[in-house]
Amino acid sequence: SRAAALSSSSDAREPGGRTGQTQSSTVAEAGTTSLTPAAARGARRKKRAAERAIKIMFWLETKYDVLPEVCLSFENWKEAASSTSDFDLLWCDTAIAADRFMKLKLYQKMNHFVGMSSITRKNNLGRNLLRMRKQFPKEYKFFPDTWILPTDLSDFKQQFNGKKQTFIIKPDNGCQGKGIFLVREMEKVPVDFSTTYVAQRYLQKPFLLDGFKFDLRLYVLVSGCDPLRIFLHKHGLVRLASEPYQEPSGKNLAQSMVHLTNYAINKFNPNFEENRDPTNASDGHKRSWEAVQNHLRKEGHDVDTLLSEIEDLIVKTLIAVQPSLSHFYHSCQPEDIENSMCFEVLGFDVMLDHKLQPWLLEVNHAPSFATESELDRLVKTEVLHDTFNLLDMNPEARRQKKRDAKEKMELRAMGVSKKATVEERSAIELEVARARTVWEDERLGSYKRLYPSEAKEREYYHIHDAAINIWEMLMGGTSRRTVRLGLAPPDADDKDGGGSANGGAEKLSGRKTSKGPEEKKEKEREKRTPQELKEVVERLMNGCSAHPRPSENRVKNKAGEKDGEGEEKEEEPPAVTPLRNGRPDVKVGDVIKVQTNLGWENVTVRAKRTNGKLDIQFKDGEYMRSVLPRILREDPSPPPGGGDSTTASSGEGGPYASASSSSSTEVPTVGGVGVGGSLPSGASAVAAALAAVS
């Protein structure tokens, strides 16, 4: 009874009034029997719960000492006991798998985005930027000419046309300068079809510091993907080669410490000097970016323009992959509306040429946080501290999300849960995004916001829209509507959701968005008659799209109605030729037309797989494996009057150009998903999307 009285007295105290050790020692000193195992476990759970209620728990899977130091510098932050604990923050030096992200709760955060390999692997970065360059040659000229080997081998061979040009060859998934070398002869280029290399045109005239070649390591925080939240830290590193620069020649191509600026390579040079004064722009082979900026200003260079161009290339690089990041994120965590469960500190490597023009070399998903010098410690500690400050982690928000999740589960169990409509969810997402933007702007520290803002959304709208179209073409589905801060929230009386948070360019620019007669007619046409439904079924059975093409979508005259004077008679829609198994019969070696983001392009079928997918090669050498493209085949019988039926039916019209013709057939599937259809969610969608994007 005495032990029970002591136990109840201790439990009645406040959580911070007495520690577990004091309680145990008091019970022991009483000389009475100890608590039962069940009661002891219950007491320990209560203690942990009371401590958890006021703490931020973090779990680190890292080799860098600076990370636990920075985390413990925050008040009420504590390291979790294991990876299975109820932590708030997960940090991992390597990429995190999609299934692990799917298991996280809404209040937990991790330091990687699923699908960021779209730009952090060198071959994916090159491929995605090259796609954007096809659309915007002038906008995307900030990276060197790039070839993915062996896919682009035939085009790469044509670069060796007698002129002595230098190319740099990199493994697609290498890091720290491993496996990088320079070539000037085609015979020395590795042709290994089991390994992917990235070849880039070497920048022969780089900007030099004290006669040394250098590059910039810039720290970019991405704290959201829908909308993109991009911040650039003012502190960065300038990494110099450890040997004076010489223009590449046959004699010095192998001298890596002349041509490569990687710290992991140059630190082994006996001539390498560590930085001793972070404020000195001429001290050591690793220097402060801030100090170098001041040095360039003193020499009369336009540093403000340089910084603006660097910020521009960072935003454009991330916009190119925003649709895929958003899809992966919402497929794994469809319930999250705050866009705040992932963040990532990226290392952008940028080189300056002799005209002070910035060139993007690569993007690192796990930049080193080793602190081997005082400069490293100063820069990386502040980067991490400012990053965690922007994550908005607090115990009250966690408790509120737990209560919300419990309430939803109870409502679902009772069968009275109500799912928000698309318009309602869009309005909530927009409101949360705007509130978060205001909150972040008050806590930037040494970060500078690059995106989003209303002005930036208008500036990059055409690029973002093109990136969405390209992604939809690759995936064969409709992209999720993007949250944009510059749009007005939906009106309460707008039943059609015309004021939703994700409208078109008219809303973004502030123009009126009232529904016109054409839009109302479109809305009326959504209600199909039984005859129209029958036609849809017939089209689907014939392997065609459920929706008629614009050239087919003509208003038919009603039976018995006379045409008015001066009215042109509408043509009957062309007959659809049924396809066997819904796909045209193509053979290896056939030259066919497939639909891409640039319209209809001729490709050669290189392989045909047992599952019906094809390996195709474009005229420019680009090779795509295991795809199901939309195909436009010529009919064996030419149309009346002769002419090329394929050419006649493949006019302009964007990524979904009309392909209807009396002598052509189409297959409305890309990647196995009907164009215009919705994509699946969950692990299968993530796996399929990763395969397609890669």
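Under the 4.0 Å criterion applied to side-chain N and carboxylate O atoms, Lys608 and Asp585 are assigned as salt-bridge partners. With salt bridges taken as basic N to acidic carboxylate O contacts below 4.0 Å, none links Lys205 and Asp353. Note on Arg606 versus Asp615: no salt bridge recorded, every NZ/NE/NH1/NH2 to OD/OE distance being 4.0 Å or above. A salt bridge is absent between Asp93 and Lys63: the closest approach of a Lys/Arg side-chain nitrogen to an acidic carboxylate oxygen does not fall below 4.0 angstrom.
The CD1 atom of Ile314 lies 8.5 Å from the CG atom of Leu360; values are rounded to the nearest 0.5 Å. Put simply, OG1 on Thr196 and CZ on Arg127 are 10.0 Å apart, with the number rounded to the nearest 0.5 Å. Taking CZ of Arg480 as the start and CD1 of Ile468 as the end, the distance is 11.5 Å to the nearest 0.5 Å. Between atom CG of residue Leu474 and atom OG of residue Ser324 there is a gap of 9.5 Å, rounded to the nearest 0.5 Å. Taking CG from Leu208 and CG from Leu240, the interatomic distance works out to 9.5 Å, rounded to the nearest 0.5 Å. Here the straight-line distance linking atom CZ of Phe113 with atom OH of Tyr329 works out to 7.0 Å at 0.5 Å rounding.
Within the structure, salt bridge (charged side-chain N to carboxylate O under 4.0 Å, His left out) contacts touching residues 315-329 (residues at least two apart or in different chains) are Glu139-Lys316, Asp312-Lys316. For residues 148-158, the set of pairs meeting the side-chain hydrogen bond (donor to acceptor under 3.5 Å, both in side chains) definition, not counting sequence neighbours, comprises Trp147-Asp155.
Here the side chains of Pro248 and His259 are in contact, with some heavy-atom distance below 4.5 Å. Within the 4.5 Å cutoff, the side chain of Lys456 has no heavy atoms near those of the Val315 side chain. Contact check for Cys342 versus Phe101: side-chain heavy atoms found under the 4.5 Å cut-off. A 4.5 Å side-chain heavy-atom check between Leu203 and Ile168 finds every atom pair outside the cut-off.
Residues meeting the side chain to side chain donor-acceptor pair (under 3.5 Å) test with Ser242, sequence neighbours left out: Asn266, Asn269. Checked against side-chain contact (heavy atoms from CB on, under 4.5 Å), Phe181 has the following partners two or more places apart in sequence or in another chain: Ile169, Val183, Pro190. For Tyr140, the ring pair (Phe, Tyr, Trp, His ring centres under 6.0 Å) test picks out Phe142, with sequence neighbours left out. For Asp99, the side-chain contact (heavy atoms from CB on, under 4.5 Å) partners two or more places apart in sequence, or in a different chain, are Ala97. Partners of Phe136 according to the ring pair (Phe, Tyr, Trp, His ring centres under 6.0 Å) rule, which considers only residues two or more places apart in sequence or in another chain, are His462. Scored by the side-chain contact (heavy atoms from CB on, under 4.5 Å) test, Asp349 finds Asp215, Arg217, Arg239, Leu361, Glu362, Asn364 as partners (sequence neighbours excluded). Scanning for side-chain contact (heavy atoms from CB on, under 4.5 Å) contacts around Glu311 gives Leu232, Lys448, Leu450, with sequence neighbours left out. A search for side chain to side chain donor-acceptor pair (under 3.5 Å) contacts involving Asn111 returns nothing, not counting sequence neighbours. Here Phe212 pairs with His285 under the ring pair (Phe, Tyr, Trp, His ring centres under 6.0 Å) rule; sequence neighbours left out. Among residues two or more places apart in sequence or in another chain, the ring pair (Phe, Tyr, Trp, His ring centres under 6.0 Å) test is passed with His464 by none.
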TODO: Take Asp172 and Lys122, measure what salt bridge (Lys or Arg N to Asp or Glu O under 4.0 Å) needs, and give me the verdict at the end.
DONE: CA-CA 5 Å; Asp172 70 321; Lys122 298 179 181 66; over 6 Å; no

Task: Phe369 and Lys380: CA distance, side-chain angles, deciding distance, side chain to side chain contact (heavy atoms under 4.5 Å, CB included) verdict - done: CA-CA 6 Å; Phe369 283 98; Lys380 296 172 183 179; 3.9 Å; yes

Open item on the list: The test is side-chain hydrogen bond (donor to acceptor under 3.5 Å, both in side chains); show your working for Gln200 and Asp145 and say whether it passes.
Closed with: CA-CA 6 Å; Gln200 288 184 320; Asp145 294 337; over 6 Å; no

Open item on the list: Test side chain to side chain contact (heavy atoms under 4.5 Å, CB included) on Thr478 and Glu472; report intermediate values, then the result.
Closed with: CA-CA 6 Å; Thr478 303; Glu472 288 179 340; 3.8 Å; yes

Open item on the list: Under the criterion side chain to side chain contact (heavy atoms under 4.5 Å, CB included), I'd like the reasoning laid out for Glu309 against Thr305: C-alpha separation, chi angles, the key distance, then a yes or no.
Closed with: CA-CA 6 Å; Glu309 292 173 346; Thr305 300; 3.8 Å; yes

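Looking at Tyr245, its side chain never comes within 3.5 Å of a backbone N or O of Leu209 through a donor-acceptor pair. Without hydrogens or angle criteria, Gln333 side chain to Leu104 main chain gives a donor-acceptor distance under 3.5 Å.
Defined by atom type and a distance below 3.5 Å, a donor-acceptor pair is present between the side-chain atoms of Arg201 and Gln165. A donor-acceptor contact closer than 3.5 angstrom links the side chains of Glu372 and Tyr263.
The two atoms that bring Pro227 and Pro452 nearest to each other are CG-CG, 4.3 Å, heavy atoms only.
The aromatic rings of Phe167 and Phe160 sit tilted, their planes meeting at an angle between 30° and 60°. Ring pair His327/Trp471 is tilted by interplanar angle, where 30° to 60° counts as tilted. Relative ring orientation between Phe207 and Phe214 is described as perpendicular, the plane-to-plane angle rising above 60° on a 0-90° scale split at 30° and 60°.
Within a 6.0 Å sphere centred on NZ of Lys267, other residues, nucleotides and ligands contribute more than 12 heavy atoms.
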